[in-house]
There are 2 protein chains.
Amino acid sequence: MLSFTEENYLKCIYHLAEGGAKAVLTNEIADSMNTKAASVTDMIKKLSGKSYIAYEKYYGVKMTKLGKAKALSIIRKHRLWETFLVQKLKFSWDEVHEIAEQLEHIQSPLLIEKLDEFLNYPKADPHGEPIPDRHGKVELPAQGCLLEQPLGYVGNVVAVKDSDSNLLKYLNKIGTIPGKKVELIGKEQYDESLEIIVDKKKLTISKSVAQNILVAV
Amino acid sequence: MLSFTEENYLKCIYHLAEGGAKAVLTNEIADSMNTKAASVTDMIKKLSGKSYIAYEKYYGVKMTKLGKAKALSIIRKHRLWETFLVQKLKFSWDEVHEIAEQLEHIQSPLLIEKLDEFLNYPKADPHGEPIPDRHGKVELPAQGCLLEQPLGYVGNVVAVKDSDSNLLKYLNKIGTIPGKKVELIGKEQYDESLEIIVDKKKLTISKSVAQNILVAV
DNA sequence: ATATTTTTTTAGACCCGTCTAAACTTTTAT
DNA sequence: ATAAAAGTTTAGACGGGTCTAAAAAAATAT
Ligand SMILES: [Mn+2]
Ligand SMILES: [Mn+2]
Ligand SMILES: [Mn+2]
Ligand SMILES: [Mn+2]
């Protein structure tokens, strides 16, 4: 059985590898986990010893089939718990990520199946991220970062990055939440800020905000 | 913030001290935690260093006010989660203890308040054990172990010990669950087994079962 | 009162996850 | 092609929690 720490590394690597496909470098992991490269190297050895990742010295790691499955099961738990917290316990969407970071490590397959049933098999979490099914299958809709869309783009918000509570509060305030239609009417090249229309209101958002909004393409 | 291990020790000591009152010896803790006396001594030093217990070398430990409050908050979480699992997720009462052992360590005061509200402020968990309120206040009804009741005793089951899943399955089968009336009609002195009436049916239960049934007195 | 048994504590070791500092490899710049 | 810079790994240390074996204290028996 994996420790909390091992599970967190695995999830982190999965995300950095964008679904477990591409290789991930030591320093990327270190940055993302707020730790030091030396610690990452140690953990990498452990996880590759357990066959969750394939490790090539100096060239980073790739996830194995086993590693991807494990990461997806943790992500499934995380997103189901977030959904529970918002739908059943009436948390707001900016309060749930930290709690789900803890709950995702609870070990009980039956618990997750029952929770899934209780929530009526939701397809996405409160931030629009897809919830993998019990077999680890996850269908991600054709989506792209709002920042990278061309001038004139019109489409719906699919999901938002959920790890920054203040960002979520802000997105809620300006109305760019999953399901909402956005229109991209201006791109300022100087600071990469965007001018958009949401709810028939024109507003400007900074690059760092636009990076965290995923839209249908 | 306490580690899982520290929290588990604290809860264990609280239970052994029967509500934090009496002193608890090193070996009692070691037995109860399935660990060695030497490990217990180490942990005792740590917890007393943090003022959760008062430690007198060779004479055991007593809980401080702080320690009792902390233990009660963990017990509150444990019992609320058990209630959630049975009432909302439809677990049977013999499946929830192990999962609650994990969930009790989740850190989020708001989560527990919202869970409490969601469950409509339950007074007791699925095994009949009282749930401390948010201030750590717990009203334990006048109760005693069925084994120690006199011949002819008649009264209701208040609670049962929940840590053995097989015991719970058995108690469920014979019908001695919280709320049920039991009548004590025979005490066999040889093996301390009891003859009781439940649901108008006469049956014999062993000492080890009778020890785990708490009745109103 | 002394010896024996039981309980508790200490000493020293191990694994986990982390860190800093130093060594090493790869990449980039000249 | 060589030097400098950047990235990665290794070496050694530390705190947390556990263990075994040995020492010390308390309880019990004679
Ligand atoms: Mn999240
Ligand atoms: Mn986590
Ligand atoms: Mn329990
Ligand atoms: Mn526990």
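Quick note on labels: first sequence line is chain A, next is B, and so on, each numbered from 1. Side-chain atoms are counted along with the backbone in the values below, which use heavy atoms only and exclude waters and symmetry mates.
Note on B/Lys57: a side-chain N or O is less than 4.0 Å away from OP1 or OP2 of C/dT10. Side-chain nitrogen and oxygen atoms of B/Lys36 include at least one within less than 4.0 Å of the OP1 or OP2 phosphate oxygen of D/dT20. Side-chain nitrogen and oxygen atoms of A/Thr26 include at least one within less than 4.0 Å of the OP1 or OP2 phosphate oxygen of D/dT9. Phosphate contact (OP1/OP2 of C/dT8, side-chain N/O of B/Tyr59, threshold under 4.0 Å): absent. Checking the phosphate oxygens (OP1, OP2) of C/dT10, no side-chain nitrogen or oxygen of B/Thr41 falls inside 4.0 Å. OP1 or OP2 of D/dC19 sits under 4.0 Å from a side-chain N or O of B/Thr35. The phosphate of D/dT10 has OP1 or OP2 within less than 4.0 Å of a side-chain N or O from A/Lys45. When the side-chain nitrogen and oxygen atoms of B/Ser39 are compared with OP1 and OP2 of D/dC19, one or more of them lie within a distance under 4.0 Å. The shortest distance between the side-chain N/O atoms of A/Tyr9 and the OP1/OP2 oxygens of C/dT18 is below 4.0 Å. For A/Asn27, a side-chain nitrogen or oxygen approaches OP1 or OP2 of D/dT8 to under 4.0 Å.
Ranked by how close their nearest DNA chain C nucleotide is to the 5' end, A/Asp42 and A/Tyr58 are led by A/Asp42. In this structure, B/Met43 and B/Ala38 both approach DNA chain D, and ranking their closest nucleotides by distance from the 5' end singles out B/Met43.
One finds no salt bridge joining B/Lys187 and B/Glu192 here, because no Lys/Arg side-chain nitrogen approaches an Asp/Glu carboxylate oxygen to under 4.0 Å. Salt bridge status for A/Lys11 with A/Glu101: present, with a side-chain N to carboxylate O gap under 4.0 Å. Taking a cutoff of 4.0 Å between a charged side-chain nitrogen and a carboxylate oxygen, A/Arg76 and A/Asp133 do not qualify as a salt bridge.
D/dG7 atom P lies 15 Å from atom CD1 of A/Ile44, rounded to whole Å. One interatomic measurement links the two molecules: CD of A/Glu56 to P of D/dT8, which rounds to 13 Å at whole-angstrom precision. Atom CD of A/Glu6 and atom C1' of C/dC15 are 12 Å apart (whole Å). Atom CE in B/Met1 sits roughly 16 Å away from atom C1' in D/dG15 (whole-Å rounding). The CD atom of B/Glu28 sits 13 Å away from the C1' atom of C/dT8 (whole-angstrom rounding). D/dT9 atom C1' lies 14 Å from atom CD1 of A/Ile29, rounded to whole Å. B/Leu2 places its CG atom 13 Å from the P atom of D/dG16, with the value rounded to the nearest Å. Atom-to-atom, CG of B/Asn34 to P of D/dT18 comes out at 12 Å; the value is rounded to the nearest Å.
Looking at B/His78 and B/Ile74, their side chains never come closer than 4.5 Å, going by heavy atoms from C-beta outward.
Proximity of the aromatic rings of B/Phe4 and A/Phe4 is defined here by a centroid distance below 6.0 angstrom, and this criterion is met.
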